[in-house]
Amino acid sequence: MTTETNVVSVKNLNVHYGKLHAVRGISFEIPKGEVFGFIGPNGAGKSSTIRVLATLQKKFTGQVCVNGIEVRENPDRIREMIGFMPDFFGVYEDLTAREYLHFFAAAYRLPKDRRHSTVSDVLELTDLTHKIDSPVDSLSRGMKQRLALARVLLHDPDLLLLDEPASGLDPRARIEVRELLKAMQEMGKTILISSHILHELAQLCTRIGIIEAGQLVAEGSLNEIFQQLSLKRVVHVQIVKLSDEALKEMEQIPGIDSVERHTDRVAIRLREDELAVEDLHSELVRLGCKIRMFQPEAMDMETAFMKLTEGVTA
Ligand SMILES: Nc1ncnc2c1ncn2[C@@H]1O[C@H](COP(=O)(O)OP(=O)(O)OP(=O)(O)O)[C@@H](O)[C@H]1O
């Protein structure tokens, strides 16, 4: 992938807070138009990384570029290209939605004659047109979140940096935010979105990076991550009258990592890139095993995440 097609390029990023090494050599790239999900437990270093990209974290080492421009070299230019939504944000509760957006449109230096139509457009996109004259204070949490998303779209940035945009929302509001993010993706925006809840992002993201204690422990498309993780797939099998010889032969099958004998079953650990689950079944039949139960361990994304991160934080 060449640098020009990558909207985000992060190489060997390190962030220290005093003695705390919060981000430890993270590298990743986000090609144009992709939705990159940054997933990790609390304190893993997601916000710190996002704040570097948003030009707000001045102390860091490594190379961090947006559209080929180094964050450190030209933060003003970077700010024109990004829309940043922090995990905690104030919404100036005394203002109406209209006043709030006009305030930011002015801050982004949008020409006066374009502000009215731009504010109408972002309100329509976020389905808040009917709330234009409501005080921000009176909006539900989901609406406030949508208003914050409307705000980051005002200056039509290439890259959206969204830190936990769905946190604290009820399921319905989460779905609304997800739909909105899909619409933003269709508009061609490149999106970096963080969450500590994996399934929240799984349906939306084209790529995922799993961060644990300041390090990226897995990165790729959902399929790639599945493949990486399914290397550790365990299949539980009950075999009628399993002999020691059959057990030994089983251990020799290429692609089987280990076989653990339990009182009622064996747990076979597979390298799935070498031996598919269905082929394991055929191999066992070939060995003459009479199979009473054959149960591959479910590997949903949540399990995958838990296996990868094991709940470790910085
Ligand atoms: N300004 C700061 N000063 C000192 N320590 C900080 C600061 N900001 C973050 N940290 C610490 O750095 C580590 C990483 O924090 P960060 O906010 O980047 O993680 P996170 O993955 O975004 O977590 P969360 O989901 O809780 O926001 C944590 O241990 C946190 O306490």
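Here the structure is a predicted model, which means the values were calculated and not measured. Counting starts at 1 for both ligands and their atoms, in listed order. Just so you know, these numbers use all the heavy atoms, side chains as well, and skip hydrogens, waters and symmetry mates.
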Item to check | S47: numbered ligand 1 atoms lying under 4.0 Å from its heavy atoms | outcome: 17 (O), 18 (O), 20 (P), 22 (O), 27 (O)
Checklist entry - Any idea which part of R51 is under 4.0 Å from ligand 1, heavy-atom wise: side chain, backbone, both or neither? => result neither
Checklist entry - What pair of heavy atoms forms the shortest contact from C289 to I239, and how long is it? => result CB-CG2, 3.8 Å
Checklist entry - When you look at R114 and D121, which way does the salt bridge (charged side-chain N to carboxylate O under 4.0 Å, His left out) test go after all the steps? => result CA-CA 11 Å; R114 268 186 41 213; D121 287 351; over 6 Å; no
Checklist entry - Is the closest heavy atom of G40 to ligand 1 under 4.0 Å? => result no
Next on the checklist: Using a strict threshold of under 4.0 Å (side-chain N to carboxylate O), is an ion pair present between E80 and R77?
Outcome noted: yes
Item to check | Contact with ligand 1 for S194, non-hydrogen, under 4.0 angstrom | outcome: no
Item to check | Element-labelled atoms of ligand 1 that are located less than 4.0 Å from some non-hydrogen atom of E164 | outcome: 25 (O)
Checklist entry - H116 vs H102 aromatic rings, parallel, tilted or perpendicular, using cut-offs 30° and 60°? => result tilted
Checklist entry - Counting from 1, what ligand 1 atoms have a heavy atom of P41 closer than 4.0 Å? => result 21 (O)
Checklist outcome for this item: Residues P165 and S194: closest non-hydrogen pair is CD-O, 3.7 Å
Item to check | Close N or O approach (G45, ligand 1; < 3.5 Å) | outcome: yes
Next on the checklist: Could you check whether atom CD of E124 has more than 12 heavy atoms from other residues, nucleotides or ligands sitting under 6.0 Å from it?
Outcome noted: no
Next on the checklist: List ligand 1 atoms under 4.0 Å from S48, heavy atoms only on the residue side.
Outcome noted: 15 (O), 16 (P), 18 (O)
Next on the checklist: For F60, does the six-membered ring have the charged nitrogen or CZ of R72 within the cation-pi criterion, i.e. under 6.0 angstrom from the centroid and within 45° of the normal?
Outcome noted: yes
Checklist entry - Side chain or backbone of A22 under 4.0 Å from ligand 1, or both, or neither, by non-hydrogen atoms? => result side chain
Checklist entry - Which of these, L20, V15, V52, has its nearest heavy atom closest to atom 11 (C) of ligand 1? => result L20
